[in-house]
Protein chains: 2
Amino acid sequence: MSENVGRWLRDEIENAILSYEFAPGERLDETVLANRFGVSRTPVREALMQLDAIGLIEIRPRRGAIVIDPGPHRIYEMFEVMAELEGLAGSLAARRLDKASRDAITATHGRCEQSAAAGDSDAYYYDNEEFHKAIYAASRSDFLQEQCVQLHRRLRPYRRLQLRVRNRLSTSFSEHCAIVDAIFAGDGDEARRLLRTHVGIQGERFSDLVASMAAR
Amino acid sequence: MSENVGRWLRDEIENAILSYEFAPGERLDETVLANRFGVSRTPVREALMQLDAIGLIEIRPRRGAIVIDPGPHRIYEMFEVMAELEGLAGSLAARRLDKASRDAITATHGRCEQSAAAGDSDAYYYDNEEFHKAIYAASRSDFLQEQCVQLHRRLRPYRRLQLRVRNRLSTSFSEHCAIVDAIFAGDGDEARRLLRTHVGIQGERFSDLVASMAAR
DNA sequence: GTCAACGTTTGTGTATACAAGAATGGCATT
DNA sequence: AATGCCATTCTTGTATACACAAACGTTGAC
């Protein structure tokens with residue numbers, strides 16, 4: 001319970017939303033949440049305010065908070081921006097690579113290889129996230145890194161669905177290999193291009209994604 | 001006073017921070033703010049929470065809120081990301097341009113021309129912002145547009161300083177012309193490249209910017 | 001004289017109470 | 001029977017009060 005109740009609640013509710021425990025469109029009642037978590041309404045409101053600022057929920061004056069339903073089109077737009085930011089991170093990483101970052105990328109890349117070989121989709125999902133985060137960090141741009149992590153977090157549930165698609169695991173890993181090669185070779189433009197398409201594939205295969213979502 | 005006091009306060013304090021009324025590093029006392037705006041502490045706290053989520057201030061548990069000092073390096077990083085996002089917006093605008101967006105770009109571009117010709121730096125500053133926003137809107141990506149507007153807002157004070165630099169006005173406008181040409185020609189790659197450098201110039205001329213900031 | 005410890009003060013964190021607005025349901029009227 | 005208006009109730013928005021933690025100052029001891 002991270003220091004103060006408000007932030008803890010924010011994370012708690014955020015996770016609940018991202019894991020669809022609170023469905024899009026659902027109304028979040030402050031009193032109900034307060035009872036559920038055993039706190040008063042004040043920290044609940046603070047948490048909701050922050051989630052509103054992040055864009056996960058919408059607070060309509062005097063009418064309560066509802067979980068935002070991004071909708072397929074908006075999700076596509078978010079992937080589009082994510083691809084661009086990751087591309088930038090890759091290009092910077094290639095130019096600025098130092099030993100620590102290189103080691104971090106190698107390590108996470110290795111873990112991805114193992115998960116992919118084992119066909120363990122859940123493990124790969126986690127390792128993949130670490131791999132991408134290693135690239136963000138390697139960009140040596142704190143601000144870019146923060147933006148990437150935040151957007152990555154919001155897109156997390158959709159990425160997860162995406163990985164369930166057949167053959168995506170091995171395809172994803174081979175794309176990782178090419179990305180690592182480009183970054184280690186110091187080829188910023190190539191790293192940018194590869195990462196953009198790697199992330200963008202989520203968009204190209206968008207019909208699969210929509211189908212997976214509808215299936216739930 | 002937009003509907004509820006919390007949001008009004010958020011905007012109010014945000015403006016105060018962006019206009020340096022509250023200096024970076026300054027501690028924001030909840031009680032003082034509450035008295036100043038004639039409200040209780042509760043909405044003040046809500047406003048501070050939101051500003052923390054946006055990244056303008058930092059709330060350290062039990063130690064209050066301080067205005068974040070981005071520092072030259074971080075500002076540079078923000079311009080770097082801004083350049084990337086604007087580039088994407090330009091490239092999408094070129095591909096997806098419709099009549100309404102085209103008209104909006106033409107209109108704002110025209111106003112920039114007048115301000116630049118008149119040498120009116122303050123007017124150009126405003127018209128320039130509208131011009132860029134017209135491009136964001138033309139991208140037809142709501143999410144990208146929101147991200148751009150938000151980041152633009154945070155960089156606003158630095159852009160303003162930038163425009164004071166000699167000759168920047170006419171240089172900026174001629175770059176605008178090339179950008180408009182590329183977008184209207186449907187050349188997404190060229191629009192992206194031009195916008196990236198247009199915004200990035202703020203970074204290249206970074207020493208000027210730092211000097212201007214130090215001068216305050 | 002200096003350092004440490006304890007107490008006071010100031011300010012954040014949480015809870016609760018109160019007020020105002022919106023939604024819903026019932027009753028009356030057409 | 002249907003529609004419109006009014007009242008009640010529920011929920012949000014704001015204020016205030018209380019509790020706890022941290023920082024600073026003062027005092028005492030070494």
How many Å lie between [atom1] on [X] and [atom2] on [N], as a whole number?
{"X": "A/E46", "N": "D/dT12", "atom1": "CD", "atom2": "C1'", "result": "15 Å"}
{"X": "A/R27", "N": "C/dT24", "atom1": "CZ", "atom2": "C1'", "result": "12 Å"}
{"X": "B/R62", "N": "C/dT12", "atom1": "CZ", "atom2": "P", "result": "11 Å"}
{"X": "B/L9", "N": "D/dT14", "atom1": "CG", "atom2": "C1'", "result": "11 Å"}
{"X": "B/D29", "N": "D/dA23", "atom1": "CG", "atom2": "C1'", "result": "14 Å"}
{"X": "B/I66", "N": "C/dG11", "atom1": "CD1", "atom2": "C1'", "result": "16 Å"}
{"X": "B/N35", "N": "D/dA15", "atom1": "CG", "atom2": "P", "result": "12 Å"}
{"X": "A/I59", "N": "D/dG13", "atom1": "CD1", "atom2": "C1'", "result": "11 Å"}

Contact check, side chains of B/P72 and B/I75, non-hydrogen atoms, under 4.5 Å: no

Any side-chain heavy-atom pair of A/E12 and A/R36 under 4.5 Å: no

Qualifying residue, where the test is salt bridge (Lys or Arg N to Asp or Glu O under 4.0 Å) with A/R196 and the options are A/E80, A/E84, A/E86: A/E84

B/R63 vs D/dA23: side-chain N/O to OP1/OP2 distance below 4.0 Å: yes

Distance-only donor-acceptor test, B/R41 side-chain atoms vs C/dG13 base atoms, 3.5 Å: yes

Base C/dT16 paired with A/T42 side chain (donor-acceptor, <3.5 Å): yes

Sugar-phosphate only, base, or nothing, as touched by B/R45 at under 4.0 Å among non-hydrogen atoms: base

Pair B/R168 + B/E175, salt bridge at N-O below 4.0 Å: yes

Residue met sooner reading DNA chain C from 5', once B/E30 and A/G38 are mapped to nucleotides: B/E30

